[in-house]
Structure formats: C-alpha cells, structure tokens
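Report on one structure; see the data block that follows.
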Amino acid sequence: MKIFNRGSELQKYALELKRSGKTIGFVPTMGYLHDGHMSLIDIARQKADVVIVSIFVNPTQFAPNEDFDRYPRDFDGDIAKCAEHGADVIYAPEASEMYRSDASTWVEETVLSKPLCGASRPVFYRGVTTVVSKLFLLAQPDFAVFGLKDAQQCFVIQRMVRDLNFPVEIIPAPLVRDADGLALSSRNRYLSADERTRALSIHRSLETAKKRIIADRSCMDAAVKDAADAITAAGGRVDYVDILDCDTMKYPGSGSCRVILAAAAFFGTTRLIDNEIFDL
Ligand code: PAF
C-alpha cells in the first residue's frame, strides 16, 4: 500500500494510473475508521482497479466552537484497517499541505446545504465541498463512495459534481449500524455507556415516525414532533428533527416521493446524526 502526504505526488500518481487505463475508486474520510468506512472501501474495492482512501481531519468544516482539536485520530490503526480491506493508496496530508496560509477560494453549494446540518453548522458544507473538490482533483477518481449516514452531505456532493461537471460518479452507500441500532460514527467514542443507551432513542424514534408517516402521510408533522419529544425524553438535546424532500431539501409537497427524515441531537457534549430515507 502506498502512502502519500503530498498532494502533488498523489495527483501525479493518479494521472499516470488514468493514462494506463486503470479505474480509480475513492473513499474520502476523516480517519478513526470504523465498519461504516470499511463498507465504503469494500464497495470501492469491488468496482475499481485502484482504491484510494484519504485520511484528513478537515479544519475548514469545523466552526471554532466545535471538536476539531479533540476529533479522534488513530493513524496506525487506520492504515492497518485500510490494508486489511485492500486499499491501494492512502492520502494523508497535513493541514498546511492541503491549504496554503493565504488560500482564498471556496466551493459552495447554496441550496441543498442550507437546512438541517447546514442550518446549525453554517461553515460545515462549504468546508466539505471545498475539500472534496480538492481531493477529487488530486485523486482523479472515476467514482467516489459516500455513506448515507450523512445523507445531506451525499446529496450536496452529487449536486456539486453535477453543477461543476466533475467527471466523478458519486456512489451512495447504506448507513451502517451497530447491533443495538446506533449509527456508526467516529464520534460514538465520546459517549459514556449511559449516553450511548439514551442515544438509541434517535434511531428508535425515527423508525417509529417513519412507520407512522408511511401508513398515513397526513400525520407527518405530528410524527416528526413526537420523534423530537421522544429524543428529549431520553435526555437528548435536539438540534433538529425534520422531514424534507430528498431532491429539493424542502418540506415535502404533494409531488414529493423520496423523503429524508433526519435528526441531530446532543447526548452530553456529543452531537449525533441519523436518518431514514423512504418513499412517501
Ligand atoms: O464525511 C466525512 O468524513 C467528511 O465530511 C469528508 C467527506 C471526508 C470531507 O472531509
């Protein structure tokens, strides 16, 4: 497995691969890899000649009051997991390699990125779309795999790729859960045992709301409110629970078909997200 720290070297290598006719599958990550990430690497491994994984805790997608400094890191563990799952190339730059000190260019998607996490984390998606654009230019992938735990991120990247004509196919991959139903996240390690048990209320309440809405669309607002109340009752501090049309990221209208029922809530100081995507 090759490890690159410099973007210029990765780009040169990737361009050579492309010239020799190899397909490149790409999995961008912030490291501290878990089985959810591994499922993305497995998908890339099945489809590509060469699998590139980036490991980079991207500072531009964190606001100053967020957890950039304490975001979990385990580079050696990550490398071992990537090797086990057949990744060919790791790109792990320093922040100073990724961003020049006088960098003044951003990539921003301005519609799908605004509600849900975009409302409570206003710099988040601009940081994501900027770094993912840079990573696409460096890794030159034919396709990139994004997990649907952050489904909004996946929709935003799909729109960015469409709008800016990136020659990259975006492959959404199913959200992966622990046996107890908690969506896998690198941030789960912050949770105490008690917070973790309480946090299961997010998935449970979304599932209940989803069943109610599928059975009777007219109870959508009540079901969303009850889900938020259930998370609060379990000791969570709800950031949002909302249902939106997946294509517009607006409140579902009469023509809406595929919707996302999404939640973000704090248990202790840990912010967790989860969602259900379904047809009305
Ligand atoms: O989903 C993530 O881990 C990050 O937002 C990403 C896509 C690697 C960009 O930093």
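Numbering of ligands and ligand atoms starts at 1, following listing order.
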Atoms in ligand 1 with a heavy atom of Val131 nearer than 4.0 Å = 9 (C), 10 (O)
request  = Have a look at Arg198 and tell me which of Ile202, Asp194, Leu200 forms a side chain to side chain contact (heavy atoms under 4.5 Å, CB included) with it.
outcome  = Asp194
query = Is Lys18 paired with Asp49 through a side-chain N to carboxylate O contact shorter than 4.0 Å?
reply = no
task = Would you check if Asn188 and Ser185 make a side-chain contact, meaning some heavy-atom pair closer than 4.5 Å?
result = yes
message = Among all the protein's non-hydrogen atoms, which is closest to atom 3 (O) of ligand 1, and how far away is it?
response = Met30 CG, 3.6 Å
message = At less than 4.0 angstrom from any non-hydrogen atom of Pro28, what atoms of ligand 1 do you find?
response = 8 (C)
ask   = For ligand 1, which atoms, with element, lie under 4.0 Å from some heavy atom of Gln153?
value = 1 (O), 2 (C), 4 (C), 5 (O), 7 (C)
ask   = Do the charged groups of Asp74 and Arg189 touch, with an N to O distance under 4.0 Å?
value = no
query = Is ligand 1 under 4.0 Å from a heavy atom in the side chain of Thr29, in the backbone, in both, or in neither?
reply = backbone
message = Which residue is it: Arg177, Lys149, Arg212? I am looking for the one with a salt bridge (Lys or Arg N to Asp or Glu O under 4.0 Å) to Glu276.
response = Arg177
ask   = Which atoms of ligand 1 have any heavy atom of Val128 under 4.0 Å away?
value = 5 (O)
request  = Go through the side-chain N and O atoms of Glu195 and Tyr190 and say whether any donor and acceptor fall under 3.5 Å apart.
outcome  = no
query = What atoms of ligand 1 come closer than 4.0 angstrom to any heavy atom of Gln61?
reply = 4 (C), 5 (O), 9 (C), 10 (O)
